[in-house]
Engineer: 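My questions will all concern the structure given below.
All residue numbers in this chain count up from 1 along the given sequence.
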Amino acid sequence: MQQIFNFILKNSNRLLFLLLLGISLSLTIQSHSYHRSKIISSANFLSGGVYEKINNISEYLDLRTQNDALAQENARLRSILFNAKDTVTATKLDSIKGLHPTDIIVSKVIHNSYNSHENYLTLNSGSLQGVKSDMGVINSLGIVGIIDNTSPRYATVLSLLNIKSQINAKIKKSNHFGSLVWNGKSTGFVQLIDIPRLAAIRKGDTIVTGGQSVIFPENLNIGTVDKIYIDNQTNYYTLDIKLFNDMTNLGHVYIIKSKDREEIINLEKAEQNE
């Protein structure tokens, strides 16, 4: 306590000056609106900067939770979209019977190979989540591949960037069908083959799924036409398709589970056996 008194006595002139300065500044700020607004603005700027930094840190730490929530929401919206019918009657029948032709399983890519001719993805969902072979895999930009094998907690996906991949696709504006394959060259492009010469095609035309299989619903995005070639041997077009997806950078994906798949496959097998 004695040291405090000694400090005050020793610096009494300076302390008095600071006190009078503080009083004068306070009176000036209170009596002049311009000065008051400047002080408030400066305080808000400082506090706002601190809050922004804290909020950025909180958002970063909570990023995984937000991504999972967005993935779940996207899956719900896509399920509604895929289940939409052309008529009100069909929708009512589905709602009464509880039929949902397409389910969505949210998953995440935990391994992605894209530097060989036979590329595969690994997902963190498996048979315990209802994943089975030959289910389609998509994300918000377009198709990704087809489920190849499963274990209880994981699944492998035959990537679009696999020379064994072959998917039914079509030109969106004209509905001309072909087979989507990969020539093993570029990770950003696949090829659409067996397009008839009578099809009117232009660079930039959108390519989507054809819907002629039980794996992918119709009209899912794939990419756009980049180059057009004529196969002299077959007299069909071969198209270079620029993918909407960056196949080298995949995160959350959606596995499409068609409840009609078994019925359709069994019916087709019965037709073939007759």
Engineer: Is a donor on one side and an acceptor on the other found under 3.5 Å between the side chain of Asn119 and the backbone of Ser116?
Structural biologist: yes
Engineer: Does the side chain to side chain contact (heavy atoms under 4.5 Å, CB included) test come out yes or no for Thr122 and Val109, once each step is laid out?
Structural biologist: CA-CA 6 Å; Thr122 304; Val109 176; over 6 Å; no
Engineer: Between Arg197 and Tyr237, is NZ or CZ placed under 6.0 angstrom from the six-membered ring centre and within 45° of the ring axis?
Structural biologist: yes
Engineer: Under a single-linkage definition using a 4.5 Å side-chain heavy-atom cutoff for Ile, Leu, Val, Met, Phe, Trp and Tyr, are Ile193 and Ile222 assigned to the same hydrophobic cluster?
Structural biologist: no
Engineer: Hey, could you give me the CD1/CD1 distance between Ile207 and Ile171, rounded to the nearest 0.5 Å?
Structural biologist: 5.0 Å
Engineer: I want to check something: taking the side chain as every heavy atom from C-beta on, are Leu158 and Tyr120 in contact at a cut-off of under 4.5 Å?
Structural biologist: yes
Engineer: Taking all non-hydrogen atoms of both residues into account, name the closest pair between Ala200 and Lys173 and its distance.
Structural biologist: O-CE, 3.3 Å
Engineer: Minimum heavy-atom separation for Leu161 to Ser186, with atom names?
Structural biologist: CD2-O, 4.3 Å
Engineer: Are Phe177 and Ile241 connected, step by step, through hydrophobic side chains (Ile, Leu, Val, Met, Phe, Trp, Tyr) whose heavy atoms are closer than 4.5 Å?
Structural biologist: no
Engineer: Contact between Pro196 and Tyr236 at the side-chain level, heavy atoms closer than 4.5 Å - yes or no?
Structural biologist: yes
Engineer: Looking only at heavy atoms, which two atoms of Met135 and Ile256 are closest? And how far apart?
Structural biologist: CB-O, 3.5 Å
Engineer: Atom CG of Asp148 and atom OG1 of Thr156: how far apart are they, to the nearest 0.5 Å?
Structural biologist: 4.5 Å
Engineer: What are the two closest non-hydrogen atoms of Asn221 and Val208, and how far apart are they?
Structural biologist: OD1-CG1, 3.9 Å
Engineer: Can you hop from Tyr229 to Phe189 via hydrophobic side chains spaced under 4.5 Å?
Structural biologist: no
Engineer: Ile110, Ile146: one ILVMFWY side-chain cluster at the under-4.5 Å cut-off?
Structural biologist: no
Engineer: For the CG atom of Leu239 and the CD1 atom of Ile195, what is their distance to the nearest 0.5 Å?
Structural biologist: 5.5 Å
Engineer: What's the separation between atom CG in Leu141 and atom CG in Leu220, rounded to the nearest 0.5 Å?
Structural biologist: 12.5 Å
Engineer: Side-chain heavy atoms under 4.5 angstrom apart, residues restricted to Ile, Leu, Val, Met, Phe, Trp, Tyr: same cluster for Val181 and Val225?
Structural biologist: no
Engineer: Just by distance, do the side chain of Ser151 and the backbone of Tyr154 share a donor-acceptor pair under 3.5 Å?
Structural biologist: yes
Engineer: Would you call His176 and Leu198 a side-chain contact if the rule is heavy atoms closer than 4.5 Å?
Structural biologist: yes
Engineer: Do side-chain atoms of Trp182 reach the backbone of Thr187 as a donor and acceptor pair under 3.5 angstrom?
Structural biologist: no
Engineer: Please check this pair: side chain of Gln191 against backbone of Asn183, looking for a donor-acceptor N/O pair closer than 3.5 Å.
Structural biologist: yes
Engineer: Taking 4.0 angstrom as the limit, do Lys172 and Asp205 come out as a salt bridge?
Structural biologist: no
Engineer: Just checking, is any N or O donor in the side chain of Asn162 or Ser159 under 3.5 Å from an acceptor N or O on the other one?
Structural biologist: no
Engineer: Side chains of Lys257 and Lys132: closer than 4.5 Å at any heavy-atom pair?
Structural biologist: no
Engineer: Using side-chain heavy atoms (C-beta onward) and a distance below 4.5 Å, is Val131 in contact with Leu123?
Structural biologist: no
Engineer: Show the nearest heavy-atom pair for residues Val137 and Phe216, with the distance to one decimal.
Structural biologist: N-CE2, 3.6 Å
Engineer: Does one side chain, of Asn124 or Lys108, offer a donor that lies under 3.5 Å from an acceptor on the other?
Structural biologist: no
Engineer: Keeping the roles fixed (side chain from Asn245, backbone from Met247), state whether a donor-acceptor pair exists under 3.5 Å.
Structural biologist: no
Engineer: Taking atom CG of Leu121 and atom CG of Leu160, what is their separation to the nearest 0.5 Å?
Structural biologist: 9.0 Å
Engineer: With rounding to the nearest 0.5 angstrom, report the NZ to NZ distance, Lys242 to Lys203.
Structural biologist: 8.5 Å
Engineer: Could you report the tightest heavy-atom contact between Gly210 and Asn168, atom names first, then the distance?
Structural biologist: CA-OD1, 3.0 Å
Engineer: Quick one, Ile167 and Ile143 - any side-chain contact, counting heavy atoms below 4.5 Å?
Structural biologist: yes
Engineer: Check whether Thr209 reaches the backbone of Asn219 with its side chain - one donor and one acceptor, N or O, closer than 3.5 Å.
Structural biologist: yes
